[in-house]
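To start, the structure under review is shown below, and the notes come after it.
Order of appearance sets the numbers: ligands from 1, and atoms from 1 within every ligand. All figures in this text were calculated on a predicted structure; none of them were measured in a lab.
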Amino acid sequence: MINGKTKLLCLLGSPVAHSFSPAMHNAAFKKLGINASYMAFDIPSESIEATLKTLKEVNFVGANFTSPHKNAVIPFLDKIDPLALKIGAVNTVNYIEGKLIGYNTDVLGFVEALKIRDIQLEKKKIAILGTGGAAQAASVGLLNEQVESIHIFSRSLEKSRGLLNQLESPNVFAVTYDDTMDFKSFDIIVNATPIGMHPYEDKTPISVKDFGHESSVYYDLIYNPPETIFLQEAKELNRVTINGLDMLIFQGIYALRYWYDFDDNQWTRDDVLAILKANGVVSEEI
Ligand code: NAP
């Protein structure tokens with residue numbers, strides 16, 4: 001029930017109409033007994049500063065930022081978590097004691113999806129396909145877990161070198177898909193490209209049989225469709241596969257944790273999954 005004490009949280013991006021965040025967070029507030037409401041606002045990047053000023057005036061609790069504002073919001077924040085700073089992208093903002101603090105929960109969500117499956121990361125050789133925001137979040141998350149190496153694959157060496165320079169780690173290497181290295185030695189292969197989702201549903205960024213080995217893990221950050229060609233090819237070879245659904249779920253749970261205190265078992269992965277199913281974000285069979 002919205003009343004005079006209801007607090008405001010929101011998503012700022014463009015477009016936002018397709019977002020599941022309002023459904024997910026409003027359901028969480030209901031379950032956790034929090035008097036707050038979460039709205040989605042479609043704003044251009046020129047309006048970020050003015051929108052934040054207004055939100056501060058109404059004493060909002062926090063916000064999520066989505067494409068294309070994850071970088072653009074940074075100059076307007078008072079403080080940024082080191083993880084978010086390293087990626088140069090903020091997707092969660094907390095407003096505490098008059099200060100705006102930025103975080104990146106895509107990184108946490110990406111890693112949590114591996115951890116809940118007990119997938120060992122230490123000393124593993126990783127291939128990341130793509131150089132966009134998702135690839136950046138995945139790289140930073142994995143470097144924090146002491147992996148042996150990360151090879152960043154791009155269609156352009158210039159772009160993979162750009163990400164390598166940003167990551168500032170001797171364990172990161174820039175490569176192209178035409179490189180002649182041994183692709184079969186990778187333990188975890190991450191698809192951080194849009195290849196596999198609409199309008200590229202019938203495509204895969206790599207031929208899976210050329211990448212990885214019998215015990216490799218194939219992690220596609222796409223969640224719709226739940227099984228891309230990349231994951232189908234890996235399954236046919238009896239390899240371990242993960243889609244992007246848990247990353248999506250956990251980035252939301254971690255954002256909520258920055259805004260409110262609650263116990264792990266009060267708002268869980270299964271609770272979010274039920275909301276996503278009810279809203280048609282994922283199919284009933286998953
Ligand atoms: P993005 O910036 O649009 O693209 C990522 C990278 O994909 C680009 O940098 C590009 O790398 C490569 N790429 C683009 N078009 C390509 C093509 N036609 N062929 C081969 N490579 C291509 O996207 P993003 O925001 O990083 O997201 C990447 C994927 O992760 C998307 O599918 C998105 O839905 C998913 N994602 C999932 C979650 C989640 O919670 N599960 C969160 C964020 C993103 P090069 O130009 O260097 O080759």
For [atom], what's the nearest protein heavy-atom neighbour? Residue, atom name and distance, please.
atom                    : answer
atom 37 (C) of ligand 1 : Leu221 O, 3.2 Å
atom 44 (C) of ligand 1 : Ala134 CB, 3.7 Å
atom 29 (C) of ligand 1 : Thr193 O, 3.7 Å
atom 3 (O) of ligand 1  : Pro194 CG, 4.6 Å

Proximal candidate to [atom] [heavy atom criterion; set [options]]:
atom                    : options                : value
atom 46 (O) of ligand 1 : Glu158, Gln136, Lys159 : Lys159
atom 8 (C) of ligand 1  : Ser160, Gly132, Ala174 : Gly132
atom 17 (C) of ligand 1 : His198, Met197, Arg155 : Arg155

Between the side chains of [X] and [Y], does any donor sit under 3.5 Å from an acceptor?
X      : Y      : value
Asn3   : Asn35  : yes
Thr268 : Asp270 : no
Asn171 : Ser149 : no

Member of Ile152, Val147, Ile126, Leu142 meeting the side chain to side chain contact (heavy atoms under 4.5 Å, CB included) criterion with Val172: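 Among the candidates, only Ile152 passes.
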Is it the side chain, the backbone, both or neither of [X] that has a heavy atom closer than 4.0 Å to ligand 1?
X      : result
Ile195 : side chain
Met247 : both
Ser154 : both

Looking only at heavy atoms of [X], does any of them come nearer than 4.0 Å to an atom of ligand 1?
X      : value
Pro205 : no
Ala192 : yes
Gly109 : no

Taking the side chain from [X] and the backbone from [Y], do they hold a donor-acceptor pair closer than 3.5 Å?
X      : Y      : result
Thr176 : Ser154 : no
His69  : Ile43  : yes
Asn26  : Tyr38  : yes
Ser216 : His213 : yes

Are any of the N/O atoms in [X] less than 3.5 Å from those in ligand 1?
X      : result
Leu245 : no
Gly130 : no
Phe153 : no
Thr131 : yes

If you count the atoms of ligand 1 from 1 in the order shown, which ones are under 4.0 Å from a heavy atom of Gly244?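 What qualifies from ligand 1 is 39 (C), 41 (N).
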Quick one: do Leu273 and Ile222 end up in the same hydrophobic cluster if we chain Ile, Leu, Val, Met, Phe, Trp and Tyr together by side-chain heavy atoms under 4.5 Å apart?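 Each belongs to a different hydrophobic cluster.
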Taking Ile275 as the starting point, is it possible to reach Phe20 by hopping between hydrophobic residues whose side chains are less than 4.5 Å apart?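 Yes, because Phe20 and Ile275 connect within a single hydrophobic cluster, where side-chain heavy atoms sit under 4.5 Å apart.
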Would you please classify the geometry between the Phe186 ring and the Phe211 ring as parallel, tilted or perpendicular, with 30° and 60° separating the classes?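 Aromatic pair Phe211/Phe186 classed parallel.
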Restricting to non-hydrogen atoms, name the atom on Arg257 and the atom on Asp264 that form the minimum distance, rounded to 0.1 Å.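 Looks like NH2-OD1, 2.9 Å.
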Check whether any protein heavy atom sits under 4.0 Å from atom 23 (O) of ligand 1.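 No, there is no protein heavy atom closer to it than 4.0 Å.
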